[in-house]
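Structure record follows, encoded as structure tokens.
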Amino acid sequence: MKTQFIMLSAMGALTLSACATKADPLPTQEAAPVIQAPAQVERAPVFEQIEQAPPQTIAPQENLNLPIPGSAEDFAYRTGGEPRVYFGYDKYALSTEARNSLRSQADWLNQYANYTAVVEGHADERGTREYNLALAARRA
């Protein structure tokens, strides 16, 4: 039985060795074609004279960050940002600053006639109802 086992083992080893793949021979390398450069090569100049246009300058009054003319942002920018005018306590006369603000608002509204303005006068809750209504009317 031992001999049969040894025989079978030997036959298996021979069978397996017969199935081994053979390595492919290295492919033959063909000689690369030799490329010869022409005897004289024309070279383009590395630096050429390029005519440059003078740089364009932006006029100082042109600022790309300004709001679009005629927009609500333009109104706020040109009139100082606050569309309201405030009065002193128990006063209906306008200060110099308030007059200048209203003048710039009126100029803008005259330039852009497609907008309208609402003029109102208000008073705070101090005082009687009748007094506050009269003060608000004088302020308007």
Side-chain angles (χ1 to χ4, degrees):
M1 182 107 156
K2 266 187 182 180
T3 52
Q4 288 178 346
F5 179 72
I6 292 174
M7 291 290 279
L8 283 175
S9 297
M11 286 175 38
L14 285 174
T15 306
L16 289 175
S17 65
C19 294
T21 59
K22 295 181 181 177
D24 291 335
L26 292 175
T28 58
Q29 294 180 351
E30 297 177 17
V34 177
I35 300 173
Q36 295 181 356
Q40 192 172 19
V41 177
E42 292 183 30
R43 296 182 183 257
V46 176
F47 298 103
E48 295 180 11
Q49 280 296 64
I50 299 174
E51 289 187 31
Q52 294 182 351
Q56 294 180 350
T57 56
I58 297 175
Q61 68 270 14
E62 294 180 25
N63 187 343
L64 301 177
N65 294 328
L66 291 177
I68 298 170
S71 66
E73 292 82 14
D74 183 48
F75 176 81
Y77 177 76
R78 292 190 187 191
T79 61
E82 179 61 48
R84 297 182 191 108
V85 175
Y86 294 99
F87 296 87
Y89 176 71
D90 203 26
K91 305 269 188 230
Y92 59 89
L94 291 171
S95 66
T96 305
E97 182 181 333
R99 286 181 189 275
N100 291 337
S101 177
L102 286 175
R103 189 169 294 118
S104 66
Q105 291 177 16
D107 291 342
W108 191 90
L109 288 167
N110 284 331
Q111 185 177 0
Y112 300 102
N114 56 330
Y115 287 94
T116 58
V118 176
V119 178
E120 296 176 341
H122 297 276
D124 59 17
E125 68 279 350
R126 294 176 279 192
T128 64
R129 178 174 167 77
E130 292 78 22
Y131 176 79
N132 287 336
L133 288 172
L135 180 60
R138 286 192 301 270
R139 287 179 173 178

Check step by step if side chain to side chain contact (heavy atoms under 4.5 Å, CB included) holds for R78 and Q111. CA-CA 12 Å; R78 292 190 187 191; Q111 185 177 0; 3.5 Å; yes
CA sep, side-chain torsions, deciding dist, call: R103, N100, side-chain hydrogen bond (donor to acceptor under 3.5 Å, both in side chains)
CA-CA 5 Å; R103 189 169 294 118; N100 291 337; 3.3 Å; yes
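Contact between L109 and A117 at its shortest, heavy atoms only, is CD1-CB, 3.6 Å. In terms of heavy atoms, A123 sits closest to A136 at N-CB, 4.2 Å. Residue G121 comes nearest to R139 through the heavy atom pair CA-CB, 4.3 Å, listed as atom of the first residue, atom of the second, then distance. Considering all non-hydrogen atoms of both residues, Y112 and P69 come closest at OH-CB, 3.4 Å.
A perpendicular orientation is assigned to the rings of W108 and F75, their planes being inclined by more than 60° (bins at 30° and 60°).
Residue R138 places its CZ atom among more than 12 non-hydrogen atoms of other residues, nucleotides or ligands, all under 6.0 Å distant.
In this structure, Y77 contributes its side chain and I68 its backbone to no donor-acceptor pair below 3.5 Å.
Hydrophobic clustering of Ile, Leu, Val, Met, Phe, Trp and Tyr side chains at less than 4.5 Å, counting indirect connections, keeps L135 apart from L94.
In this structure, CG in N132 is found 12.0 Å from NE2 in H122, a value given to the nearest 0.5 Å.
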